Number of protein chains: 2
Amino acid sequence: MVTIKDLAQQLNLHHTTVSKALRDHPDIKKETRDRIKALAIELDYHPNVLAQSFKRRTSNTIGIIVPNINVDFFSTVISAIEDVVYDAGYTIMISQSNENFHREVLNAKTMLSNQVAGLIISVSRETQTAPHLTNLKNNGIPVVCFDRVIADVSLAKVVVDDYQAAFQLTEYLIQKDYTTIAHLGGPNMVSVSVDRYQGFIDAQKKHALPVHEQWIKRGGFREADGFENMNATLSQPPLPRAVFAVNDQVAFGAYGAIKKLGLSIPDDIAVAGFGNLMLAQYMDPALTTVAQEPAEMGRSCAKLMLEAIQNPVKQTRGKTVTIPTRLIIRAST
Amino acid sequence: MVTIKDLAQQLNLHHTTVSKALRDHPDIKKETRDRIKALAIELDYHPNVLAQSFKRRTSNTIGIIVPNINVDFFSTVISAIEDVVYDAGYTIMISQSNENFHREVLNAKTMLSNQVAGLIISVSRETQTAPHLTNLKNNGIPVVCFDRVIADVSLAKVVVDDYQAAFQLTEYLIQKDYTTIAHLGGPNMVSVSVDRYQGFIDAQKKHALPVHEQWIKRGGFREADGFENMNATLSQPPLPRAVFAVNDQVAFGAYGAIKKLGLSIPDDIAVAGFGNLMLAQYMDPALTTVAQEPAEMGRSCAKLMLEAIQNPVKQTRGKTVTIPTRLIIRAST
DNA sequence: ATGAAAGCGCTAACAA
DNA sequence: TTGTTAGCGCTTTCAT
């Protein structure tokens with residue numbers, strides 16, 4: 001690998017001169033600068049970014065931690081983040097928590113050790129406190145949480161208004177005359193589960209509908225969880241007229257359980273999800289759901305991060321951006 | 001951020017002693033080592049990985065370049081890579097070429113500048129030569145290509161036998177008595193397009209079926225490309241009895257075009273894809289396709305890379321790993 | 001306009 | 001067993 005010293009030697013200059021020239025420092029006169037740059041190209045010089053970052057005590061890398069890359073929502077967010085930060089000269093470093101708090105803490109440590117310029121994270125379902133994140137903040141590294149967030153005022157956040165979206169969706173169901181509605185919820189302590197659940201409850205209260213405990217289930221975010229919980233619901237009459245699932249995967253699981261009994265969607269039981277996975281439109285029947293605009297979330301995360309990096313003082317403390325959702329009505333309701 | 005010098009000072013030791021102790025160097029006696037480690041934990045010391053990598057002249061980062069993270073196939077591969085290399089102490093740095101050769105070259109340069117320990121790449125559809133990759137090789141950085149590869153003997157590769165899989169799928173169609181088969185192909189110069197096409201052709205030749213030029217289309221990898229090319233095929237009678245699409249997305253586009261005319265799949269025209277996206281099983285009718293085992297590909301890429309890093313001499317030059325495929329027969333044929 | 005000196009945090013070779 | 005010296009490639013400050 002050719003270094004600035006190699007360039008300097010060949011041109012009988014000092015390496016500091018070369019360093020300045022390559023960065024267009026006004027000290028160096030145009031002619032010298034041109035000679036240096038020409039040789040740099042000729043010898044295929046690449047700056048050692050590690051050395052630069054080391055010296056600057058911060059890198060051009062933005063860390064991202066998600067439960068799993070291989071989830072449409074997360075990969076779309078990440079893709080959008082990369083698109084934006086790339087244009088600003090940053091690269092992204094990714095790790096997966098695999099929904100494991102301990103691993104998430106290790107990931108955060110690695111990000112710190114790697115002197116990332118900032119961290120964008122959607123926390124694992126086990127994560128309930130944020131010392132590993134505030135630790136980064138305390139070391140001057142801005143943190144942006146998205147989607148699944150932690151209630152900590154010092155962290156910037158990009159979220160959808162899960163409560164509002166769930167409220168709106170539930171009202172729509174009620175207005176369609178589905179007055180008995182079951183809920184297939186997510187894990188207890190995850191912010192999105194809680195907020196969607198609360199929106200669901202409050203919409204029913206607003207319309208003076210009784211909430212039936214036996215129609216409220218909790219579980220995971222996966223198809224299998226939806227299948228299992230829907231089976232449980234179906235085995236305890238009376239049956240609800242509609243089901244609101246915490247996300248689309250869970251709704252797909254519910255489809256399986258309902259169809260297995262030979263019941264019709266939506267004639268016997270209507271189903272609504274949350275997230276608008278690509279699959280949702282192709283299901284039979286197509287699934288009513290809430291679009292979350294993950295690309296928009298990613299862009300917001302990236303912008304917020306770049307802002308925080310450029311503004312290390314105020315660091316957009318606790319700033320929260322809410323991305324609008326869209327109710328998408330399809331044949332399943 | 002606390003450094004080894006801080007630790008050294010507090011313990012009245014030299015920082016090199018601390019450095020050795022933290023790395024369990026046998027020079028340092030157990031008692032001193034324990035004192036040092038205890039203080040390191042107490043002060044929440046984190047090694048500056050950038051400084052370490054800078055010194056070692058290589059990082060613990062493995063670069064990944066893909067056309068787009070937000071494609072189920074790629075995100076699954078990446079997820080598997082991360083799982084494997086994480087256990088070996090590596091992190092991953094990702095960038096997207098967005099199917100653009102120029103950007104891919106820049107990405108590769110960035111990876112080089114960042115002193116990545118290795119690069120794993122699936123090339124853009126515009127990429128036909130590999131100087132940017134051999135350049136990395138020449139700088140001692142191992143390169144592993146996967147799925148979409150470049151014919152260059154010096155690069156390690158992880159692929160599926162696209163030719164063989166397409167051949168097998170085509171034979172299956174023929175054996176089902178679909179004797180007139182159209183092809184919705186991918187871009188001209190991409191390895192997977194070419195190989196799948198050739199398998200398709202050769203299987204027909206083997207069974208002495210004539211190949212009709214008007215049933216061979218070329219295009220992109222997206223749903224819209226499939227829709228467009230299928231429309232073109234449908235507008236020029238006679239119609240084929242079956243269609244083999246270069247991938248599942250293109251097959252989905254074909255579904256749209258066929259259904260729009262009120263034709264039935266598979267009664268009027270059978271459809272087969274390639275890739276086994278999650279969607280494929282949910283389509284109506286469920287899509288016959290070829291499973292590619294992306295997670296398996298990812299694990300192979302990671303293993304090959306770790307091997308190459310540990311073995312910088314032979315560097316697994318041009319070694320090729322072929323991942324088996326599975327023909328998945330569903331209702332669309 | 002250019003050069004010299006110093007140092008970022010760490011490790012390796014050598015000295016005590 | 002511990003300490004000293006030197007240097008990775010780069011940038012910043014100060015001298016020439």
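Every value quoted in this text rests on a predicted model; they were computed, and no experiment measured them. In the text below, chain A, chain B and the rest are named by the order of the sequence lines, each starting its count at 1.
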Legend entry - Selection: residues 28-41 of chain B, any non-hydrogen atom under 4.0 Å of DNA chain D: B:Ile28, B:Lys29, B:Thr32
Inset, instruction - Answer with yes or no whether the side chains of B:Thr127 and B:Ser124 bring together a donor and an acceptor at under 3.5 Å. - result: yes
Legend entry - Criterion side chain to side chain contact (heavy atoms under 4.5 Å, CB included) on B:Leu119 and B:Val144, from CA distance to verdict: CA-CA 6 Å; B:Leu119 175 68; B:Val144 173; over 6 Å; no
Inset, instruction - Spell out protein contact along nucleotides 7-14 of chain D as letters: B when the base is contacted, S when just the sugar-phosphate is, - when no protein heavy atom is under 4.0 Å; keep the 5' to 3' order. - result: BBBBBBB-
Inset, instruction - Under the side chain to side chain contact (heavy atoms under 4.5 Å, CB included) rule, what do A:Gln10 and A:Leu43 come out as? Steps first, then yes or no, please. - result: CA-CA 11 Å; A:Gln10 288 213 25; A:Leu43 298 190; 3.5 Å; yes
Legend entry - Partner residues of B:His132 under the ring-ring contact (aromatic ring centres under 6.0 Å, His included) criterion, sequence neighbours left out: B:Phe101
Inset, instruction - Please work out which of the three classes, parallel, tilted or perpendicular, describes the rings of B:Phe54 and A:Phe54, given edges at 30° and 60°. - result: tilted
Inset, instruction - With heavy atoms under 4.0 Å as the rule, sort B:Asp6 into base, sugar-phosphate or nothing. - result: nothing
Inset, instruction - Remember a base hit wins even if backbone is also touched, and classify A:Leu13 as base, sugar-phosphate or nothing at under 4.0 Å, heavy atoms. - result: sugar-phosphate
Legend entry - Ionic contact status for A:Glu42 with A:Arg35, cut-off 4.0 Å: no
Legend entry - A:Thr3 side chain to A:Asn48 side chain, donor-acceptor N/O pair below 3.5 angstrom: no
Legend entry - Protein-nucleotide distance (B:Gln115, atom CD; C:dC10, atom C1'), rounded to Å: 15 Å
Inset, instruction - State whether A:His14 places a side-chain N or O below 4.0 Å from either non-bridging phosphate oxygen (OP1 or OP2) of C:dA4. - result: yes
Legend entry - Electrostatic pair B:Asp24-B:Lys37, nearest N-O below 4.0 angstrom: yes
Legend entry - For atom CG of B:Asn12 and atom P of D:dT4, their distance in whole Å: 12 Å
